[in-house]
Amino acid sequence: MSFLADDARCPCTSGDVYGSCCGPLLAGRRAPTAVRLMRSRYTAFALADAAYLLRSWHPSTRPTSLELDEDVRWMRLDVVDHVTGGPFDDAGEVAFAAHYRHDGERGVLQERSRFVREGGAWFYLDGVTW
């Protein structure tokens, strides 16, 4: 797992620094919206934080373990669309494009993810890639 200084740019490409963007979420603070949780999960992939990815995954669809490919370098996140998933909603969807490099080649993972909020906490439920 990689670590970032609080004053470093956040990997989720929000434009904010890590210490006021995804850093607090990876450290245990709850995401206020589905988009924020999705951004923090992207950051967790970029930092190879499998423990956070598992914690933020809904128990009904969570795998028992998760191995991340250390050769994938996550470059940029584009939030394409979102439907509900606000601070007063119980469900939401976020569509995104996650740009990466692997073995010198560029790639894009595009997904529409579903999120649910239970007990005040947002969780990743599942997603469909396109």
Side-chain angles (χ1 to χ4, degrees):
M1 184 169 88
S2 301
F3 293 93
L4 277 184
D6 283 347
D7 61 350
R9 287 278 173 217
C10 194
C12 79
T13 62
S14 66
D16 291 332
V17 295
Y18 178 71
S20 63
C21 190
C22 293
L25 303 180
L26 272 66
R29 185 176 294 167
R30 289 181 175 176
T33 66
V35 169
R36 286 288 307 277
L37 181 63
M38 190 275 311
R39 285 186 173 282
S40 70
R41 287 178 55 82
Y42 172 87
T43 295
F45 274 104
L47 299 178
D49 189 344
Y52 177 77
L53 292 165
L54 290 170
R55 280 193 317 272
S56 62
W57 209 313
H58 193 270
S60 68
T61 57
R62 178 189 308 141
T64 55
S65 64
L66 184 63
E67 289 191 36
L68 302 176
D69 187 341
E70 294 178 11
D71 294 329
V72 174
R73 183 169 176 220
W74 296 98
M75 307 299 292
R76 186 179 88 234
L77 174 69
D78 297 324
V79 176
V80 178
D81 184 33
H82 67 86
V83 179
T84 65
F88 303 108
D89 296 320
D90 291 327
E93 292 184 9
V94 180
F96 66 89
H99 303 264
Y100 65 89
R101 282 187 174 260
H102 185 255
D103 291 336
E105 299 290 323
R106 294 179 185 193
V108 180
L109 169 69
Q110 297 178 53
E111 181 176 305
R112 178 168 289 276
S113 301
R114 293 188 314 148
F115 297 86
V116 295
R117 189 171 68 147
E118 294 180 354
W122 282 102
F123 295 94
Y124 170 77
L125 187 59
D126 58 21
V128 176
T129 59
W130 76 89

In terms of hydrophobic clustering (I, L, V, M, F, W, Y; side-chain heavy atoms under 4.5 Å; direct or indirect links), are [X] and [Y] co-clustered?
X      : Y      : value
Leu66  : Leu26  : yes
Leu68  : Leu47  : yes
Val116 : Val94  : no
Leu54  : Leu125 : no
Val35  : Leu37  : yes

Exercise. Has Arg114 got its NZ or CZ under 6.0 Å from the middle of the six-membered ring of Tyr124, at an angle within 45 degrees of the ring axis?
Worked result: no
For this session: Could you tell me whether Arg101 sits above the aromatic face of Trp74, with NZ or CZ closer than 6.0 angstrom to the six-membered ring centre and within 45 degrees of the axis?
Result: no
Give me the atom names and distance for the closest heavy-atom approach of [X] to [Y].
X     : Y      : value
Arg30 : Ala121 : NE-CB, 3.9 Å
Ala98 : Tyr42  : CB-CE1, 3.9 Å
Ala95 : Trp130 : CB-CH2, 4.0 Å
Tyr52 : Ala44  : CD2-CB, 3.6 Å
Ser60 : His58  : OG-ND1, 2.7 Å
Ala91 : Thr84  : O-OG1, 2.9 Å

Problem set entry | Neighbour count above 12 (heavy atom, 6.0 Å) for Arg55 CZ | yes
Find out whether [X] and [Y] are in side-chain contact, i.e. whether some heavy atom of one side chain is under 4.5 Å from a heavy atom of the other.
X     : Y      : answer
Thr33 : Pro87  : yes
Arg73 : Tyr100 : no
Cys21 : Cys12  : yes
Asp6  : Val17  : no
Pro11 : Phe45  : no

For this session: Not counting sequence neighbours, which residues clear side chain to side chain contact (heavy atoms under 4.5 Å, CB included) with Thr13? List them please.
Result: Arg39, Arg76, Leu77
Distance from [X] atom [atom1] to [Y] atom [atom2], nearest 0.5 Å?
X      : Y      : atom1 : atom2 : value
Trp57  : Arg41  : CH2   : CZ    : 5.5 Å
His82  : Arg112 : NE2   : CZ    : 10.5 Å
Leu25  : Ser56  : CG    : OG    : 9.5 Å
Asp126 : Arg62  : CG    : CZ    : 14.0 Å

Problem set entry | Criterion side-chain contact (heavy atoms from CB on, under 4.5 Å) on Thr129 and Gln110, from CA distance to verdict | CA-CA 5 Å; Thr129 59; Gln110 297 178 53; over 6 Å; no
For this session: Please test Arg9 against Asp16 for salt bridge (charged side-chain N to carboxylate O under 4.0 Å, His left out), starting from the C-alpha separation and ending with a verdict.
Result: CA-CA 6 Å; Arg9 287 278 173 217; Asp16 291 332; 5.9 Å; no
Tell me whether [X] contacts the main-chain N or O of [Y] through its side chain, where contact means a donor paired with an acceptor under 3.5 Å.
X      : Y     : answer
Arg117 : Ala34 : no
Thr43  : Cys22 : no
Asp69  : Asp71 : yes
Arg29  : Pro24 : no

Exercise. Does the pair Phe115 and Met38 meet the rule for a side-chain contact (heavy atoms from CB on, under 4.5 Å), with working shown?
Worked result: CA-CA 9 Å; Phe115 297 86; Met38 190 275 311; 3.6 Å; yes
